[in-house]
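A quick write-up on the structure given underneath.
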Amino acid sequence: MSTFRSVVRGVGAYLPARTLTNADLALMVDTSDDWIVQRTGIRERRIAAEGEVTSDLALNAARVALADAGLEPADIDLIVLATSTPDNTFPATAVAVQAALGITRGAAFDLQAVCSGFVYALATADTFLKSGSFRRALVIGAETFSRILDWSDRTTCVLFGDGAGAMVLEAVEHDGDAAARGVMTTHLRSDGRHKHKLYVDGGVSSTRSVGFLRMEGREVFRHAVGMITDVIEDAFAATGVDAQTLDWFVPHQANRRIIDASAHKLGIAPEKVVITVDRHGNTSAASIPLALAAAHVDGRIKRGDVVLLEAMGGGFTWGSALIRW
Ligand code: ACO
């Protein structure tokens with residue numbers, strides 16, 4: 001019996017034009033370039049222009065991914081868009097992207113798992129494609145976190161930025177060959193007992209407002225490395241891949257120290273780790289496809305390479321995915 005595997009056809013990224021450097025932030029709150037670089041590795045982030053909304057960023061990234069795949073919008077029958085900063089409470093930001101691309105068939109919906117959003121969206125799209133329900137999916141992570149930051153709170157406003165990334169996945173018949181291209185495995189987790197450690201203090205049903213991001217940074221840091229490495233061990237156990245046979249590690253770009261500590265604990269060589277957090281800060285659900293696109297465009301990730309994705313974020317939610325590119 002033939003089954004399907006979700007093969008990566010293309011990736012794309014988009015960052016808003018305006019750059020906000022650490023030096024710029026030091027004029028706004030009591031911080032310094034030294035403190036931010038030492039604690040996080042972040043040097044600058046991008047901020048969406050007035051009137052530029054999440055779907056605009058997503059649309060730009062989706063167009064680049066489609067061009068990279070050599071496909072037209074009409075080839076897409078599923079859009080899964082991960083965001084915690086939608087254009088509107090409803091309808092989904094995904095349908096705004098669908099309409100702007102001129103797609104009138106299939107399904108489009110949003111998914112919310114904060115910084116783990118892209119891994120959750122990838123796992124969701126992969127499940128639909130493997131089941132034969134849809135043929136080609138756009139998996140998008142897009143955020144305008146600048147709109148939910150308290151710009152007077154130096155403990156959070158220095159960490160985040162705006163951006164979007166997209167991936168085109170195609171269902172390809174699979175005869176069971178483990179070496180075939182495509183998504184090899186995905187693992188998702190959450191533990192709502194930690195929901196107050198990283199949250200937004202407003203919402204439609206609770207305050208009828210949007211609210212601002214609040215975080216117990218030390219608590220997040222304390223849990224991050226353990227959760228990340230656990231779910232990566234699951235991916236390794238499911239596939240037989242390990243730190244040595246892996247080609248690329250493309251983690252959620254939240255904090256350089258979390259990335260380095262996770263790679264070190266797993267025994268992944270530093271030269272296999274893709275890092276872009278210095279250029280765009282933590283863009284939540286957008287960060288993994290932004291990093292993937294960077295390493296794809298500069299030729300590091302090549303066809304047949306084994307690529308490990310990982311994310312952890314509010315909820316807490318966390319997850320991993322292994323892809324043969
Ligand atoms: N500039 C200067 N000083 C600052 C700043 C700042 N921007 N922010 C906090 N400080 C001060 C604090 O007030 C504190 O001062 P005090 O000692 O006088 O009280 C001091 O720096 C140390 O503060 P800590 O919170 O202990 O600093 P820490 O070393 O833990 O670094 C950080 C803070 C960077 C937030 C760290 O805890 C972290 O990286 N946590 C993970 C958070 C994260 O990545 N979240 C993203 C979402 S979740 C995810 O994506 C994985």
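In each ligand, atom 1 is the first atom listed, and ligand 1 is the first ligand listed. As the structure is a prediction and not an experimental result, all values here were calculated from the model. Keep in mind that the numbers below use all heavy atoms, side chains included, and drop hydrogens, waters and symmetry copies.
For K197, the salt bridge (Lys or Arg N to Asp or Glu O under 4.0 Å) partners two or more places apart in sequence, or in a different chain, are E219.
V95 belongs to no hydrophobic cluster with other residues, because no ILVMFWY side-chain heavy atom falls under 4.5 Å from its own, directly or through intermediates. Applying the under-4.5 Å side-chain rule to Ile, Leu, Val, Met, Phe, Trp and Tyr, the cluster around V97 extends to L59, L66, L71, I76, I79, L81, L101, I103, L138, I140, V168.
Of the candidates R5, K130, R136, R181, E170 forms a salt bridge (charged side-chain N to carboxylate O under 4.0 Å, His left out) with just one, namely R136.
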Could you pull out every N or O of ligand 1 that sits under 3.5 Å from a protein N or O, with the distance for each pair?
unit_1	atom_1	unit_2	atom_2	d
ligand 1	1 (N)	T31	OG1	2.6
ligand 1	3 (N)	W35	NE1	3.4
ligand 1	3 (N)	R154	NH1	3.4
ligand 1	7 (N)	T31	OG1	3.1
ligand 1	7 (N)	R154	O	2.9
ligand 1	13 (O)	R154	NH2	3.0
ligand 1	21 (O)	W35	NE1	3.4
ligand 1	26 (O)	R218	NE	2.5
ligand 1	26 (O)	R218	NH2	2.6
ligand 1	27 (O)	R39	NH1	3.2
ligand 1	29 (O)	R39	NH1	2.5
ligand 1	37 (O)	G217	O	3.3
ligand 1	39 (O)	N255	ND2	2.4
ligand 1	40 (N)	G217	O	2.9
ligand 1	50 (O)	H252	NE2	2.8
ligand 1	50 (O)	N282	ND2	3.3
ligand 1	50 (O)	M312	O	3.3

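Using a 3.5 Å distance cut-off with no hydrogens or angles, the side chains of H187 and T185 do pair a donor with an acceptor. Under the 3.5 Å distance criterion, with hydrogens and angles disregarded, no donor-acceptor pair is assigned to the side chains of R147 and T85.
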